[in-house]
Trainee: 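Take this structure, written in C-alpha cells, and hold onto it; I'll ask about it next.
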Amino acid sequence: MVIGLVAVLVLTLLVFRLPVIESLKLLISGAFGDQFAWSRTAVKACPLLFTGLGMVVAWRAGMYNIGGEGQFVMGGICGAAVAKFVLVGSTAIPGWLGSLVILVACGFGGAAWAWLAAWLFVRRGVAVVISTILLNFVAIQFLGYCVSGPLQQKKQEVPLTDTLPDALMLPKPSPQMDLHFGVVLPVLAALVVFVYLYRTRPGYRLRLVGENADMARANRIDAAKVQIQAMLISGTMCGLAGGVEYIGVAGQLGTDFSQQWGFLGIPVALLGGLHPLFSILSAIVFGALFAGSENLARFTNAGATLVYVIQAVAVLGYVGIKARSDAVKAPVEAG
Amino acid sequence: MPVMSHLEVRNVTKRFANVQALDDVSISFHGGEIHAVLGENGAGKSTLMSAISGFLTPDSGSILLDGASIPIGKAHDCKRIGIEMIHQHFTLVPEFTVAENLALVRLKGLVQVSNPAKLSAGAMATGKSLGWALEPESSTRRLPVGVQQRIEILKAISGDASVLIFDEPTAVLSPDEVEELFHVLRQLKSEGKVVVLIAHKLSEVLEISDKVTVLRHGKLIASALRSEVDADMLASWMVGEMPPKSPTRTSQDAQLAVTASKLTVLGDRGEFAINDITFEIKKGEIFGIGGVDGNGQVELAEALAQVRSINSGELEWEGKSFSKDIPKIGYVPQDRQRDGLALRMSIRDNMLVSGLHRPEFFAGPFLKVRSVTNWAKELIKRFSIKVEDPHELAGSLSGGNQQKVVVSRILDNDPELLIIVNPTRGLDIKATQYVHEQILSARGAGAAVLLISADLDELYALSDRTVFLSRGRMVEDQGAASLVGGAS
C-alpha cells in the first residue's frame, strides 16, 4: 500500500511536470522535516482521523455515510452556539471545562445531524448516501446563515463568529506552533472505536449487520437499531472533528469553516481498510500530504490543490486493488 | 386455419460441475397443443426451458423451430424469432407504469425516443381482447400479483411469438386467477401457438394439458397424451420409486412441545405464504415437512424461529405462547450463505452469533476474546470442521464445512426447538451423513425438531412423522401425490 501510494505520488508529480526528487524532498520536509512540520502534519491529521473514524463505524455497519462534512459543520455550529450563549462572559466555568462543554456540544450536533439520515433510512427507506449528501448542503447553507445571523460577531462587519478567548481554546505546547493537545483525542477515540468494534457485544452486532444483514435478521438482531447506533457514533466523531478544528485551530467560524474534512474522512477510512487503528496511520499520511504540499506550493508553481489530485488517485487506486482482491477471494460453491 | 409451429428438442445434454442436468432429452412440441412438463426440483425442467429460450447453451443436441435451428445460447435472438418465456419471478420494473413495462420489450434500441403510450398500444389492445381492464398509467409496484402476471403475459404474447413457455404460472395465483389463466392458454392454443407449461400441481396439469412430459434427474421419463395418463401414474413417474418410509416412531406419551394452530404467515410480497395450518411437535420427535420449494417452507421456518411475524393463529410452547426466550430456538436456515454466514468474517465470529447471550463469553458488554476463541476451537474439533485456525474467514471453507459451522454453533446451545431447512443441500455424502447424525442426536437429547426438506430420502430417513406443504397448505402424506398438492 505504501509503495503504491509513493508510486501514485511520483506519477502525479510527473503529470504536473514537477521535478520528482526535488518535489518529494519538499513534500517530506514539509511534512516531517522539523518539529514545525510535524506539528502541521499532526494538526491536519487530527480532524481527518476523527472524520475517518466516523466513516469506519458507519461503513462497517453498511451505512454509507457521505455526510461527514455536514456533521462536521453542524458540530462546529453547536459548539459555537454553546460558546456564545453559555460560556463566553461566564466566569463561573473554568476554561478546561468550557472546552470540554464545547466539544460535547460539537459531538452532539454531529450526532443529531447523522441521526436524521439514519431515521430517514430506517423509517422511510431513504438511501443513506443520498440523504447524507443532501444534508451536507443544508448544513453548509445553515452555517452561512448562522455566521451572518444569530452567531455573527458583535461588530457585525463580516460573516464570522467572535473569536474564542484563549481560555476556551485547546492548550498548546508552544505558541510558535500550530500544535494543540487536542491531537491526542482522535487517537484515544481510535482506541475506543477499536475496542468497541472488536471487543464488545454491540460492536460485534454492528459488524455483523454490516457484513450480512440477512444473517443478523435470522439471528433476531434488530438491524435498524444497530444502524441508528452506528450513525450516532459516526456523527459524533464527525462533530468532534468540527470541535477540534474550532477550538484547536480556527477559534471562530466563517463560511469557509468546512475545509472538506468531512469528505476526506472517506479516503482516510478506506485507505485505513475501514479499521480504526490503521486509520491512525492513514490520517497521518493524509495530514502529511497536506502539510507537505503546502510546502511544495510555497517553493514551486504547483498549487496546494495538488494534494486533492493525489488523494483522489490514491483512493481510486485503493478501491481498484481492493475490488480485485475481493473478486479473487469470493468463494464459489458448487450446487 | 392458423399456422402451426413446431418445436423440436433433439438429444439435448447439459452438465453442470457435478450434476447431469439434462441427459439426452428429446421432446416434440406441437402448435395448437398445451404441453405440460413435469418434474421435481432439479429434474431439469428449468435447464431445458433455459436452453429453449436461449439463456444457456447445451453441451450437445439441437433445438429446431419449424425445422430451423434456433440461435442457441442467445436469449435476445430467441425472443426475436418468437420464443417467449413467462418467468415465474416477474421481470417487471416495479417503478414503471403498466404502459412503460409493456413498452419496454418493444423498444428497438437504447437511443430510441420512448413513447410508452404508442409502444404499448398493441399489448393493451391484446389485453382488452382478453377482457383485462388494465390502467396504463398505474404504477406496477402496487398491483396485485395476478395483475402483474397479466402484464408479464401481455409482454410475451403481444408480439408475434410462436412458442410460449410458462414457468409455473399458477404458483402465485388464486383459484379464480388460475381459471382466467387457463382461458388465456386455451386461446393461445387455438391460435396455433406452441404452449409449454412447467408445472407442479397435477390436478391443474390434468385439467389443461393435451400432452404431458415427465423429467426426473435430467432424464426423459415419459411423454404421453393426456388421455393416456392419470394422477397416480404421473406422480410415480415424477418421483420414481418412493424411498422406504420410516415407521412412526413418536411414542404416544411424549411430551407436547409445539402447538401451531390456524397459523397464517405472509410472504415478502404480502401473499399468504402459509395459509391456515395446524400441527403439533412433541419433544424428542423429528417432524418432517416435505414438498417442493417455494410452497411456504421458508416462511413457516422463519415464523417458528420468530424471525418472521405471524399474521394470525397461535404458536405455543408447552401450552403457552412463544416469548422472546421461550423456547430456546435453534434455526438452521436454508440458504447458509445468505442467512447463515457472514463469509468475510472469521469462523470464530460466525460462531459467536449463537453465543451472544452466553454469560461465559462476556464481562458486561466486553468480549472475553480468549474464551470465545477456545470455544470456537472446541467446536471445530468436536464437529470435525476442516480448518486449523478459527480466525480464518468463513468464506474460505467448503460448502460442507460452512454448514458445519452453522450447525455446530446452533446445536452447541442445546436448543429445545430445532428448526432446520434443507440442511444438506449441496453437501457431499459424508457431510450429509454427519449433519443427519447431528439432527438425530439433537432429537435424542429431547429437542423438538422441525425438519423441512425437499429431499424425500432425507425426509423419510429422519422424520418420525411426515406431512407436505403445497401452496401454503398442509397435505397429509399420500406418497408421491402429496408432493404435488395431493391426489385430486
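Within every chain, numbering begins at 1; the chains are lettered A, B, ... in the order of the sequence lines, protein sequences first and strands thereafter. The shown structure was predicted, so the numbers you read here are calculated from the model rather than taken from an experiment.
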Trainee: How about Lys219(B): does its NZ atom have over 12 heavy atoms from other parts shown lying under 6.0 Å from it?
Mentor: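 It does not: Lys219(B) NZ has 12 such atoms or fewer within range.
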Trainee: Can you give me the closest heavy-atom contact between Asn350(B) and Met215(A), atom names plus distance?
Mentor: OD1-CE, 3.5 Å
Trainee: Measure distances from Phe366(B) to the heavy atoms of chain A and classify the residue's part below 4.5 Å as side chain, backbone, both or neither.
Mentor: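 Its backbone and side chain both get close to chain A.
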Trainee: Taking atom NZ of Lys328(B) as the centre, does the number of heavy atoms from other residues, nucleotides or ligands within less than 6.0 Å exceed 12?
Mentor: yes
Trainee: Is it the case that more than 12 heavy atoms not belonging to Phe108(A) sit under 6.0 Å from its CZ atom?
Mentor: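 No, the 6.0 Å shell around CZ holds no more than 12 heavy atoms from other groups.
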Trainee: Around atom CG of Leu97(A), are there more than 12 heavy atoms of other residues, nucleotides or ligands at under 6.0 Å?
Mentor: yes
Trainee: Looking at Asp335(B), Val369(B), Leu352(B), Val372(B), which has the largest count of heavy-atom pairs under 4.5 Å with chain A?
Mentor: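 Top count of heavy-atom pairs under 4.5 Å with chain A: Leu352(B).
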Trainee: If you count the non-hydrogen atoms of other residues, nucleotides and ligands that lie under 6.0 Å from CD in Glu360(B), is the total more than 12?
Mentor: yes
Trainee: To the nearest 0.5 Å, tell me how far Arg220(A) CZ sits from His357(B) NE2.
Mentor: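 Answer rounded to 0.5 Å: 10.0 Å.
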Trainee: Chain A heavy atoms under 4.5 Å from Asp349(B): which part of the residue, side chain, backbone, both or neither?
Mentor: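 Both parts, heavy atoms under 4.5 Å.
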Trainee: Going by side chain to side chain contact (heavy atoms under 4.5 Å, CB included), Asn219(A) matches just one of Leu356(B), Asp339(B), Ile410(B), Val353(B). Which one?
Mentor: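 Answer after filtering Leu356(B), Asp339(B), Ile410(B), Val353(B): Val353(B).
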Trainee: So if I take each residue of residues 197-213 of chain A and look for any heavy atom under 4.5 Å from a heavy atom in chain B, which residues do I end up with?
Mentor: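 Contacts with chain B: Tyr198(A), Arg199(A), Thr200(A), Arg201(A), Pro202(A), Tyr204(A), Arg205(A), Arg207(A), Leu208(A), Glu211(A), Asn212(A).
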Trainee: Atom CZ of residue position Phe278(A) - does it have more than 12 heavy atoms of other residues, nucleotides or ligands inside 6.0 Å?
Mentor: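 Count not over threshold, so no.
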